[in-house]
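Scroll down for the structure; my scribbles are underneath it.
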Amino acid sequence: MLRTREPGGSPGAERLRALLLSGETSFASQAETLLHFAARADHVARTIRPALQAGLWVICDRFADSTMAYQGYGQGAPVDTIVALTGLVGLRPELTLVLDVSEQLAAARLSARAARPDRYERLDSAFHARVRAGFRAIAAAEPARCRLIAGDGTEAEVHGRIMAAIGERFGGPA
């Protein structure tokens, strides 16, 4: 099994991640979207596809649905552009888990972290409400691939919900 993340997951994509999350540079919406897809293309070519070809399961924290939610729903980037770029990457997850929490719970968990919030985490509540609505819309539109998981409760409770969804999708206990 390989665990990876986006943006990031390969050396070039990690450099783009640092640029995107730092907030040091403000990009036009389309440019930011393209940077996410540049990172994704490198990540897929250098990390994900080789792992899949080796027969590994790949668990990725965020992928194209996150770009749709954050840049499309959250920042107003053209949805058709994101759909077209997703097609160019040529890879779709077999299962996408969308952890859903209220804005209040997300804010409380963020403030409990030791790490400094990244640029997206520092954006206003209206942005985060649009992103949450986007993730919920994506999950509703593709129920065969996406599972909306209630993210409230203890870590053990959320883990149990995640494992149940994996077991349901791939058969047997997860």
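In this text, all values refer to a predicted model and were calculated from it rather than measured experimentally.
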L35 reachable from L88 in the ILVMFWY side-chain graph, under 4.5 Å edges
no

When you measure from the side chain of H128 to the backbone N and O of L123, does any donor-acceptor pair fall under 3.5 Å?
yes

Do any N or O atoms from the side chain of R62 and from the backbone of R5 form a donor-acceptor pair under 3.5 angstrom?
no

Say you draw a straight line from CG of L97 to CZ of R169; how long is it, rounded to the nearest 0.5 Å?
11.0 Å

Hydrophobic clustering (ILVMFWY, side-chain heavy atoms < 4.5 Å, transitive) - are L20 and I82 grouped together?
no

Would V79 and L34 show up in the same hydrophobic cluster when neighbours are defined by side-chain heavy atoms closer than 4.5 Å?
yes

Honestly curious: do F63 and M68 fall in one hydrophobic cluster under the side-chain, below-4.5 Å linking rule?
yes

Counting neighbours of CD on E157 that are heavy atoms of other residues, nucleotides or ligands and sit closer than 6.0 Å, is the number greater than 12?
yes

V131 versus Y73: any side-chain heavy-atom pair under 4.5 Å?
no

Has R3 got a side-chain atom pairing as donor or acceptor with V58's backbone, closer than 3.5 angstrom?
no

For A13 versus G8, what's the shortest heavy-atom pair and its separation?
CB-O, 3.4 Å

Would you compute the distance between atom CD1 of I59 and atom CD1 of I166 and round it to the nearest 0.5 angstrom?
6.0 Å

Taking the inter-plane angle between the rings of Y70 and Y120 on a 0 to 90° scale, is it parallel (under 30°), tilted (30 to 60°) or perpendicular (over 60°)?
perpendicular

Hey, is R145 close enough to D65 for a salt bridge, meaning N to O under 4.0 Å?
yes

Report the residue from C60, S66, C146 that forms a side chain to side chain contact (heavy atoms under 4.5 Å, CB included) with T96.
C146

I162-L148 co-clustered via ILVMFWY side chain contacts under 4.5 Å:
no

Would you check if E121 and R113 make a side-chain contact, meaning some heavy-atom pair closer than 4.5 Å?
yes

Is there a side-chain contact between E32 and Q75 in this structure, where contact means two heavy atoms from C-beta onward sitting under 4.5 Å apart?
yes

Salt bridge check: are R15 and D42 linked by an N-O gap of less than 4.0 Å?
no

CZ (R119) and CD (E24) are apart, to the nearest 0.5 Å, by 11.5 Å

Side chain E14, main chain G9, donor-acceptor under 3.5 Å:
yes

Of the non-hydrogen atoms in L95 and A165, which two are nearest, and what is the gap between them?
CD2-O, 4.3 Å

Determine whether R136 and D100 make a side-chain contact, defined as any pair of heavy atoms from C-beta on separated by less than 4.5 Å.
yes

Is any NZ, NE, NH1 or NH2 atom of the basic residue among E168 and R147 found under 4.0 Å from an Asp or Glu carboxylate oxygen of the other?
yes

Between the side chain of S22 and the main-chain N/O of L19, is any donor-acceptor distance below 3.5 Å?
yes

Can you find a heavy atom in the side chain of D152 that is under 4.5 Å from one in the side chain of V158?
no

The reported gap from CH2 in W57 to CG in L2 (rounded to nearest 0.5 angstrom) is 13.5 Å

Carefully, step by step, assess R116 and R122 under the rule side-chain contact (heavy atoms from CB on, under 4.5 Å).
CA-CA 10 Å; R116 181 177 179 263; R122 292 189 306 262; 3.2 Å; yes

Hey, does the Lys NZ or Arg CZ of R40 hover above the aromatic six-ring of F37, less than 6.0 Å from the centre and inside 45° of the axis?
yes

Specify the closest pair of heavy atoms between D124 and F127, including all atoms of both residues, with the distance to one decimal.
OD1-N, 2.8 Å

Nearest heavy-atom contact between P7 and R17 is O-NH1, 2.7 Å

Quick one: are T86 and L91 in side-chain contact, heavy atoms under 4.5 Å?
no

Taken to the nearest 0.5 Å, the spacing of L110 CG from L105 CG works out to 11.0 Å

Using modelled atom types only, decide if a donor and an acceptor are shared between the side chain of R130 and the backbone of G74 within a distance under 3.5 Å.
yes

Would you check if L85 and T33 make a side-chain contact, meaning some heavy-atom pair closer than 4.5 Å?
yes

